[in-house]
K.L.:
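Quick one: structure below, then a few questions.
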Amino acid sequence: MSRADHMDVAAYALGVLDPQDAERFEEHLATCWACAAELETMVPVVGLLSGIDGEAMAALEQTHTDPALLDRTLMAVRRDRRRTRVRQLLATAAAVVVFGGASAAAAGMLGDDPAPPQAGPTQAAPSVAPSGEPGNPNDPGVGGKEDIEGDQHNATDPGTGVQTTMWLARKEYGTQIAVQLSRLPGPRTCRLVVVRKNATSEVISTWSVPVGGYGTNQNQLPLELSASTSAPVRDIDKLQVQSVDANGVASPLVTVDDI
């Protein structure tokens, strides 16, 4: 047993011996427990060296004389390791998605009924004015005709041009009145007055008219409001919409007197 035989352990482990020398070393290995033990310790190292190619070794050798190249090499190694980790994470995520889809499909085949879709919140229909136009929520008393039933009375003032439709409903407490006004210019302050047959009067509602007015070219929506009076319908002589100036002086805009 020569010294050369013992020195062939590394060469044999790396697979660089020719067939004749490899066969000779294997015959020696069968009777030498020292070489067998040494070969066993080299197996993990050989596995690590198998992942290193010649180009990588040459680049590593060059970094000993070029520090900048060493830095670039280390950065490249770090990037490669990060890409490897990202690919592993993506593969894991894809496996989870595939597993989840397969589970859902299996549940469907087992006859699980899907939960019925829940109905979303219903949207309330917009209020509609007596004229059929959508009501403006900023207007006072929008939807007066929808709120009450009553006898309809129409009037147009020949001087001011203001038009109105009023609905009078009999109530236990008196009369409920719904009013619709158009061709009403602004700005101004208005009021609704009940004139009884005994010549007494009562202001039952007041409001302000913006610059654009109501039922005009600037604002085509009519004004709608409602009011009440203690006077029964049989005691009402007329209803009058009046304009009130800054001094409190009132002038009629339109009058309903066929009650």
Side-chain angles (χ1 to χ4, degrees), residues 120-259:
T122 57
Q123 183 176 2
S127 61
V128 179
S131 61
E133 297 288 343
N136 186 341
N138 295 323
D139 289 341
V142 171
K145 179 59 175 66
E146 289 184 332
D147 298 335
I148 65 172
E149 296 294 334
D151 299 330
Q152 179 175 329
H153 303 271
N154 302 316
T156 300
D157 189 279
T160 63
V162 177
Q163 294 181 343
T164 186
T165 300
M166 298 187 186
W167 293 264
L168 277 66
R170 294 170 175 82
K171 300 293 181 179
E172 292 181 355
Y173 57 78
T175 305
Q176 186 174 10
I177 305 168
V179 182
Q180 182 184 88
L181 289 164
S182 59
R183 297 185 183 179
L184 178 61
R188 67 179 65 237
T189 298
C190 297
R191 67 185 186 185
L192 177 61
V193 178
V194 174
V195 179
R196 296 183 179 87
K197 292 181 179 179
N198 61 6
T200 61
S201 62
E202 175 189 7
V203 177
I204 59 174
S205 181
T206 61
W207 65 92
S208 61
V209 180
V211 175
Y214 292 101
T216 63
N217 292 333
Q218 293 79 14
N219 177 21
Q220 297 182 2
L221 291 177
L223 170 65
E224 296 180 350
L225 54 88
S226 61
S228 298
T229 176
S230 60
V233 173
R234 63 179 180 274
D235 292 342
I236 298 176
D237 181 43
K238 59 184 177 181
L239 296 166
Q240 189 174 77
V241 177
Q242 299 176 350
S243 177
V244 183
D245 62 18
N247 297 321
V249 178
S251 57
L253 291 175
V254 63
T255 303
V256 173
D257 54 8
D258 60 342
I259 300 172

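As a basis for the values below, the full set of heavy atoms in this structure was taken, side chains included, without hydrogen atoms, waters or symmetry mates.
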K.L.:
How long is the gap from OH on Tyr173 to OG on Ser228, to the nearest 0.5 Å?
P.N.:
3.5 Å
K.L.:
So do the side chains of Asn219 and Tyr214 get within less than 4.5 Å of each other, counting heavy atoms only?
P.N.:
yes
K.L.:
Is it the case that the side chain of Asp157 and the backbone of Val162 share a donor-acceptor pair, with hydrogens and angles ignored and the cut-off at 3.5 Å?
P.N.:
no
K.L.:
Could you grab the distance from atom CG of Leu184 to atom SG of Cys190, nearest 0.5 Å is fine?
P.N.:
5.0 Å
K.L.:
Can you check whether Val249's main-chain N or O pairs, donor with acceptor, with Asn247's side chain at less than 3.5 Å?
P.N.:
no
K.L.:
Tell me if a side-chain donor or acceptor on Thr200 pairs with a main-chain N or O of Arg196 at a distance below 3.5 Å.
P.N.:
no
K.L.:
Mind checking whether Asn198 and Asp235 have side chains closer than 4.5 Å, heavy atoms only?
P.N.:
no
K.L.:
Check this for me: does any side-chain nitrogen of one of Arg188 and Asp245 sit under 4.0 Å from a carboxylate oxygen of the other?
P.N.:
no
K.L.:
Find the distance between CE (Met166) and CG (Asp151) and round it off to the nearest 0.5 Å.
P.N.:
14.0 Å
K.L.:
So, the side chain of Lys238 versus the backbone of Val193: is there a donor-acceptor pair under 3.5 Å, distance only?
P.N.:
no
K.L.:
Check whether any side-chain heavy atom of Leu192 sits under 4.5 Å from a side-chain heavy atom of Trp207, and report yes or no.
P.N.:
yes
K.L.:
Using a distance-only test with no angle check, is there a side-chain donor-acceptor pair under 3.5 angstrom linking Gln176 and Ser226?
P.N.:
no
K.L.:
Under the rule for side-chain contact (heavy atoms from CB on, under 4.5 Å), what residues qualify as partners of Thr206, not counting sequence neighbours?
P.N.:
Arg191, Val203
K.L.:
Mind running side-chain contact (heavy atoms from CB on, under 4.5 Å) on Gln163 and Val254 for me, showing each step along the way?
P.N.:
CA-CA 7 Å; Gln163 294 181 343; Val254 63; over 6 Å; no
K.L.:
Measure the shortest side-chain to side-chain distance between Ile177 and Val179 over non-hydrogen atoms and say whether it is less than 4.5 angstrom.
P.N.:
yes
K.L.:
May I ask you to test the Trp167-Gln180 pair for a side-chain heavy-atom distance under 4.5 Å?
P.N.:
yes
K.L.:
Is there a donor-acceptor pair closer than 3.5 Å between any side-chain N or O of Thr175 and the backbone N or O of Ala231?
P.N.:
yes
K.L.:
Report the C-alpha separation of Gln242 and Ser251 in whole Å, then their side-chain angles, then the decisive distance to 0.1 Å, and conclude whether the side-chain hydrogen bond (donor to acceptor under 3.5 Å, both in side chains) test is met.
P.N.:
CA-CA 5 Å; Gln242 299 176 350; Ser251 57; over 6 Å; no
K.L.:
Would you say Val195 and Leu239 make side-chain contact, with heavy atoms under 4.5 Å?
P.N.:
no
K.L.:
Short question: side chain of Thr160, backbone of Leu253 - any donor-acceptor pair under 3.5 Å?
P.N.:
yes
K.L.:
Would you please say whether a donor-acceptor pair under 3.5 Å links the side chains of Asp257 and Thr255?
P.N.:
no
K.L.:
Any chance you could measure Gln240, atom CD, to Thr164, atom OG1, to the nearest 0.5 Å?
P.N.:
11.5 Å
K.L.:
Going by heavy atoms in the side chains, are Ser205 and Leu225 under 4.5 Å from each other?
P.N.:
yes
K.L.:
Hey, could you give me the NZ/CD1 distance between Lys197 and Ile236, rounded to the nearest 0.5 Å?
P.N.:
9.0 Å
K.L.:
First locate atom CG of Leu223, then atom CG of Leu221, and finally report the distance between them rounded to the nearest 0.5 Å.
P.N.:
10.5 Å
K.L.:
Hey, are the side chains of Val233 and Lys171 touching, using non-hydrogen atoms and a 4.5 Å cut-off?
P.N.:
no
